[in-house]
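Below: one structure, written as structure tokens.
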Amino acid sequence: MSIFIDDSTRLVVQGITGRDGSFHTNQMLEYGTQVVAGVTPGKGGQSFTADNGTTVPIFNTVEEAVEKEGANTSVIYVPPAFASGAIMEAADAGIAFIVAITEGIPVMDMTRTYAFVKDRGARLLGPNCPGAITPGVAKVGIIPGQITTPGPVGVVSRSGTLTYEAVNQLTEAGIGQSTCVGIGGDPIIGTNFIDTLRAFGEDPATEAIVMIGEIGGTDEQEAAAWVQEHLEIPVVGFIAGQTAPPGRQMGHAGAIISGSAGTAEEKMKVFEEHGIAVAKRPVDIRALIQEALAG
Amino acid sequence: MSIFIDDSTRLVVQGITGRDGSFHTNQMLEYGTQVVAGVTPGKGGQSFTADNGTTVPIFNTVEEAVEKEGANTSVIYVPPAFASGAIMEAADAGIAFIVAITEGIPVMDMTRTYAFVKDRGARLLGPNCPGAITPGVAKVGIIPGQITTPGPVGVVSRSGTLTYEAVNQLTEAGIGQSTCVGIGGDPIIGTNFIDTLRAFGEDPATEAIVMIGEIGGTDEQEAAAWVQEHLEIPVVGFIAGQTAPPGRQMGHAGAIISGSAGTAEEKMKVFEEHGIAVAKRPVDIRALIQEALAG
Amino acid sequence: MDIHEYQAKELFRAAGVAVPPGEVATTAEQAEEIARRYGGSVVVKAQVHAGGRGKAGGVKLASSAEEAREHASKILGMTIKDLTVQKVLVTPIEDIASEAYASVLIDRETQRPMFMVSPEGGVDIEEVAENRPEAIRKLRIDPRYGLLPHQAYSLATFLYDDPAQVKQATKLMGQLYEAFTSNSCSLAEINPLIVTPEGDLKAIDAKVSIDESALFRLPEVAAYRDLDAEPAAETKAREAGLSFVKLEGDVGCCVNGAGLAMATMDLVKYYGGEPANFLDIGGSSNPDKVVAALEIITADPSVKSILFNIFGGITRCDDVANGIVEAARRIDIQPPIVIRLTGTNETEALEILKEAGFSAYTSMDEVVEKAVELAAQA
Amino acid sequence: MDIHEYQAKELFRAAGVAVPPGEVATTAEQAEEIARRYGGSVVVKAQVHAGGRGKAGGVKLASSAEEAREHASKILGMTIKDLTVQKVLVTPIEDIASEAYASVLIDRETQRPMFMVSPEGGVDIEEVAENRPEAIRKLRIDPRYGLLPHQAYSLATFLYDDPAQVKQATKLMGQLYEAFTSNSCSLAEINPLIVTPEGDLKAIDAKVSIDESALFRLPEVAAYRDLDAEPAAETKAREAGLSFVKLEGDVGCCVNGAGLAMATMDLVKYYGGEPANFLDIGGSSNPDKVVAALEIITADPSVKSILFNIFGGITRCDDVANGIVEAARRIDIQPPIVIRLTGTNETEALEILKEAGFSAYTSMDEVVEKAVELAAQA
């Protein structure tokens with residue numbers, strides 16, 4: 001078992017003919033993901049031929065991809081100016097799980113888009129996220145498949161490459177993952193820590209969770225309180241940004257300490273108060289999760 | 001029993017200090033309606049003294065009227081430019097049943113307002129409607145109380161004075177009403193025929209229904225189909241506008257025959273096809289409803 | 001409120017829609033001059049609030065400025081559906097590769113703005129709807145979000161295959177929607193929407209109706225109202241706060257409430273008469289309104305009897321009675337008046353009327369029968 | 001992107017907010033001339049992207065044009081939080097009856113724009129939030145509907161009792177929200193919002209941050225970027241598509257991904273070092289970016305060792321390796337470089353680096369320890 005993606009995932013790639021879209025479609029196909037359609041307005045009727053010889057039909061609209069190929073999941077690699085529209089198109093076409101990789105979508109667009117996706121009852125992951133991977137089954141997004149291995153640990157993270165680091169630590173220590181989810185670092189995201197933790201909590205295959213946060217906002221604090229109240233499996237936490245100065249944005253639009261709120265120190269303290277074991281270094285995740293699984 | 005309003009109705013009057021608002025607050029109080037609050041921004045803290053000596057507290061916002069007086073129903077007598085905002089304020093404050101009397105609210109405003117009210121889970125009656133009355137219990141709006149009498153017939157109508165005519169016919173013939181509802185003649189209204197018929201269908205006190213339509217649109221046709229499929233009690237129908245010329249708006253914003261659609265002839269035909277007895281004249285409603293009740 | 005084609009085109013242009021140039025003339029000489037500036041090859045189009053202008057001879061092609069003048073002199077002053085043509089629009093002839101249809105209106109069923117587009121333009125869209133419904137695409141717009149990019153694109157692909165035209169049409173849908181919402185339209189229609197041989201989309205004809213209720217905050221659009229283009233009686237009625245529509249019969253009707261007014265007209269017909277008008281005096285009972293109503297009704301020479309049907313609610317019957325008495329003092333009313341008053345302050349009203357020598361009834365059927373009888377006798 | 005107070009006021013004025021006049025001076029003489037035009041009684045305010053200007057001596061009242069010149073000559077060129085003041089805003093002194101606070105920002109929790117208003121203005125709103133939270137009203141706005149009239153009214157009544165002020169404030173809330181949304185702000189703040197003795201509301205200080213992601217469609221706002229007001233290294237980084245923040249330590253960091261970059265800095269500290277910077281080269285692996293990154297890092301004289309931590313995903317390790325080799329050819333890099341590369345094309349990358357004589361690691365802890373050690377030895 002897993003969360004968000006499994007062997008019933010039928011993926012449509014929005015922006016399949018773009019640079020990133022085509023590169024990652026190859027990667028996803030190679031990993032075994034069922035990529036059933038691509039969408040590029042104006043290129044409907046053409047098809048995408050992968051490095052491994054697979055061909056994927058291209059449509060003008062997501063609606064057609066749903067009707068003709070039964071797509072139920074979408075991944076979005078379109079430029080920021082059009083990404084918000086692409087998300088709404090997917091939700092409007094009945095796609096249940098939408099993964100937006102695109103970085104740099106205007107926040108004002110996302111406030112409306114987030115509301116739209118909720119109105120349509122779909123789940124959005126991201127934007128500005130690496131996507132999700134269920135090791136050995138399917139990947140949707142850009143997480144490198146080779147660093148993952150199937151197993152009992154769910155990974156959820158606001159970061160991209162830091163997620164890879166954490167997953168890699170687990171894999172190197174021989175600990176597999178149920179699903180790895182990058183929720184994205186933007187101020188407005190479709191799926192937050194609690195949403196993901198809840199899904200892991202309902203997944204029988206997930207026995208422990210690694211949660212990777214960073215400075216800025218209060219998502220981690222709220223997640224910690226939720227974990228203590230609702231979750232029965234153990235959680236190991238890590239927070240990046242102990243050395244980040246207040247008031248400066250650290251790459252991610254959301255990674256900024258405003259006034260005295262959102263420091264790494266505060267978040268780590270709240271984690272510990274709510275029974276989440278805190279890793280001081282990424283490498284410490286190994287021992288803590290081993291302990292948790294043994295516990 | 002009744003629909004929409006009963007003895008638990010606790011009414012707030014939005015625009016209570018205006019000309020229409022104060023006149024009808026008097027009328028509603030006199031009829032026995034529990035008018036628990038009034039709202040006029042800037043006049044919070046004052047109170048409204050009715051002709052019969054009752055005083056009603058005035059608040060700046062509906063929110064206060066709900067918090068302090070437990071208002072659950074609102075009636076709106078504010079000018080068209082502000083009426084749409086007043087409806088949204090009521091819905092946002094948790095009012096469950098909102099009656100908008102105001103005529104001339106821009107349709108574009110109402111498209112958003114209608115969506116807002118639905119989002120908040122409230123019911124809107126109107127705008128541009130005479131409101132509703134449950135004879136002997138309470139009235140919300142402007143239907144003259146003296147022409148009604150309690151009994152088993154539900155009345156629903158797109159029109160104002162034509163509703164009075166129909167109700168008066170019933171009362172003169174000794175046939176009482178459960179609730180009389182004027183849904184309003186605007187193109188965009190909160191509660192349509194089917195919504196009202198459904199409520200009557202679920203009301204054990206209603207044994208037959210009078211439905212009064214007019215030219216324009218297809219609401220009556222859809223209602224007729226719904227009646228045949230879902231309603232177990234008899235319905236008597238009347239349609240105004242047999243002599244109305246196509247393409248001309250007859251007073252109501254919605255009363256216009258567009259092309260060949262929405263004629264009185266068509267609607268009467270559809271009524272008969274779906275088992276609704278059609279009164280040729282308002283006076284014929286008497287006999288038909290007597291038959292229906294006897295049947 | 002209907003506005004003229006040239007006004008609709010102004011609104012469309014302001015929203016960015018590609019509309020060919022054009023100017024309005026009120027004389028044949030002006031039309032000639034405009035046509036000369038456009039090189040002579042123009043269309044002269046009657047500006048009246050009526051459909052079927054083409055069939056009525058109100059739209060003519062000219063190949064020279066002189067011909068444009070001749071056409072204009074024929075069209076100006078002609079009558080189309082009872083309306084006298086007082087202005088013509090002179091606009092260059094466009095070459096046409098294909099014609100499509102696009103409009104936005106308010107869909108009563110879903111309570112939302114709705115697009116209707118069809119690749120079959122330049123024809124009566126109602127006919128297309130009836131005969132080939134599959135040639136029409138309807139799309140409702142959620143007012144909370146407006147027209148979304150993928151919706152505009154899907155409308156465009158329903159009309160065109162060529163990517164360049166799809167791109168233009170996608171943009172145009174947004175502009176049309178913007179024109180619709182920012183001007184509080186009840187209808188905004190382009191028919192035909194053409195593609196020129198060069199591949200450019202252009203709005204050749206435009207029809208727009210504005211929601212009267214929104215005019216208070218759209219002063220520039222409100223100024224589009226062309227009083228010359230509507231019957232004088234309707235102007236007078238609107239200014240007095242009445243709602244009036246002229247009909248063909250001889251029984252003048254004065255009623256409070258639109259539904260009751262229609263039911264009254266229907267009852268006139270039921271008893272063998274023909275109503276002369278629809279007239280709703282509205283909810284208020286200002287005696288001045290009643291006077292204005294009687295002035296409008298009596299100005300129609302075909303009226304043979306006058307029928308009042310008042311159900312007092314907000315409307316006070318005594319106010320109406322006073323209005324009738326006042327009007328009888330001020331104007332010379334020839335046709336006989338019969339009156340039905342019931343509801344609020346009915347007793348006082350009947351007293352007032354009786355003193356002034358009017359006959360009053362309390363039943364709708366009685367009064368209508370009487371009015372029909374009086375008209376027949378006249 | 002932070003913009004200056006005078007720019008923020010321009011955006012507010014454009015949305016209709018009542019903002020007192022004001023002009024910008026870059027010399028003391030200009031300041032004097034502006035002050036003279038305003039009658040001499042002015043405030044001279046440093047225009048830098050930093051809070052606490054008042055405490056730092058960057059805001060001074062003048063009662064004559066001469067005094068304004070003196071203030072300006074002191075403020076221009078002064079350093080506030082590492083930033084040199086290059087412009088001052090000269091604006092008339094306003095008499096103040098009361099001060100309030102109003103802002104709109106993005107609330108991460110509800111994913112919506114949020115108003116924050118307080119009748120306690122002119123002070124640090126964070127302090128108010130901590131000590132007297134009941135003095136702050138927060139209101140989330142549903143982006144599907146925008147600010148509704150009753151919401152604006154309820155914010156206004158939280159600030160004022162006087163009906164005339166409530167009316168002005170209701171209007172102002174709409175204008176502030178309009179400024180916030182139409183300029184894609186992440187923050188739009190008025191502090192203080194004053195009432196003059198005459199009862200007029202005015203925005204005396206303004207602070208606005210713009211969402212960088214929206215600048216592509218806001219060319220006029222994008223032009224507000226003041227390159228002189230930010231460190232040259234950050235300008236260079238942004239232009240190269242990098243994300244860079246200068247810190248106080250001596251271990252230069254070059255990482256792909258913001259989270260990993262922060263974790264790397266933290267690990268430097270863990271092993272007893274201090275990071276010299278935050279630097280995220282982003283997802284793409286263009287060798288030119290790596291060259292630009294090394295140029296920026298080596299331009300900082302406090303850097304004693306340079307640490308690369310690359311986890312290849314989209315980023316290809318061989319591209320990064322090539323960038324490092326290329327940079328070493330083009331620029332003279334003094335501090336020692338240690339490199340950790342893992343992930344996509346790792347093997348090729350290690351080969352490239354080995355050939356060029358660089359030491360490479362595959363574990364994050366190893367490489368950080370080594371970099372800290374090297375910095376300590378330098």
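As the structure is a computational prediction, the values presented were derived from the model and not from experiment. Every heavy atom of this structure was used, including side-chain atoms; hydrogens, water molecules and symmetry mates were not.
- More than 12 heavy atoms of other residues, nucleotides or ligands shown are found within 6.0 angstrom of NZ on C:K246.
- With no hydrogens or angles considered, no side-chain donor-acceptor pair links C:D250 and C:S302 at under 3.5 Å.
- Looking only at atom types and distance, the side chain of B:T191 has no donor-acceptor partner in the side chain of B:T196 under 3.5 Å away.
- For the pair C:E274 and C:K304, the salt-bridge criterion is not met [side-chain N within less than 4.0 Å of a carboxylate O].
- For B:A81, the parts sitting under 4.5 Å from any heavy atom of chain C are the backbone and the side chain alike.
- Only the side chain of C:E234 comes within contact range of chain B, with at least one heavy atom under 4.5 Å from a heavy atom of that chain.
- Interface remark: C:E109 contributes side-chain atoms only to the contact with chain B (heavy atom separation under 4.5 Å).
- Interface with chain B: from residues 362-372 of chain C, residues C:M364, C:D365 qualify, criterion being any non-hydrogen pair under 4.5 Å.
- For the options C:N309, C:L247, C:N256, C:L260, heavy-atom pairs under 4.5 Å to chain B are most numerous at C:L260.
- Taking a cutoff of 4.0 Å between a charged side-chain nitrogen and a carboxylate oxygen, C:R238 and C:E212 do not qualify as a salt bridge.
- Chain C forms more heavy-atom pairs under 4.5 Å with one residue of B:I189, B:T163, B:T218, B:I239 than with any other, namely B:I189.
- With respect to chain B, the highest number of heavy-atom pairs below 4.5 Å among C:A214, C:G249, C:G312 belongs to C:A214.
- Contacts between residues 110-123 of chain B and chain C, defined by a heavy-atom separation under 4.5 Å, are made by B:T111, B:R112, B:Y114, B:A115, B:D119.
- Under 3.5 Å, the side chains of B:D186 and B:N128 contain a donor-acceptor pair of N or O atoms.
- Heavy-atom distances place both the backbone and the side chain of B:P106 under 4.5 Å from chain C.
- At a cut-off of 3.5 Å, with distance as the only test, no side-chain donor of B:Q242 or B:E265 sits close to an acceptor on the other residue.
- At a 4.5 Å heavy-atom cutoff, the contact between B:I105 and chain C is made by backbone atoms alone.
- Contacts of C:F311 with chain B are made by both backbone and side-chain atoms, with heavy-atom separations under 4.5 Å.
- Between the side chains of C:D107 and C:T110, at least one donor N or O lies within less than 3.5 Å of an accepting N or O.
- Most heavy-atom pairs under 4.5 Å with chain C: of the set B:E103, B:E214, B:Q169, this distinction falls to B:E214.
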Where do C:V303 and C:D300 land on the side chain to side chain contact (heavy atoms under 4.5 Å, CB included) test, with the steps shown first? CA-CA 6 Å; C:V303 169; C:D300 177 359; 3.8 Å; yes
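- Of the atoms belonging to C:Y271, it is side-chain heavy atoms, and not backbone ones, that fall under 4.5 Å from chain B.
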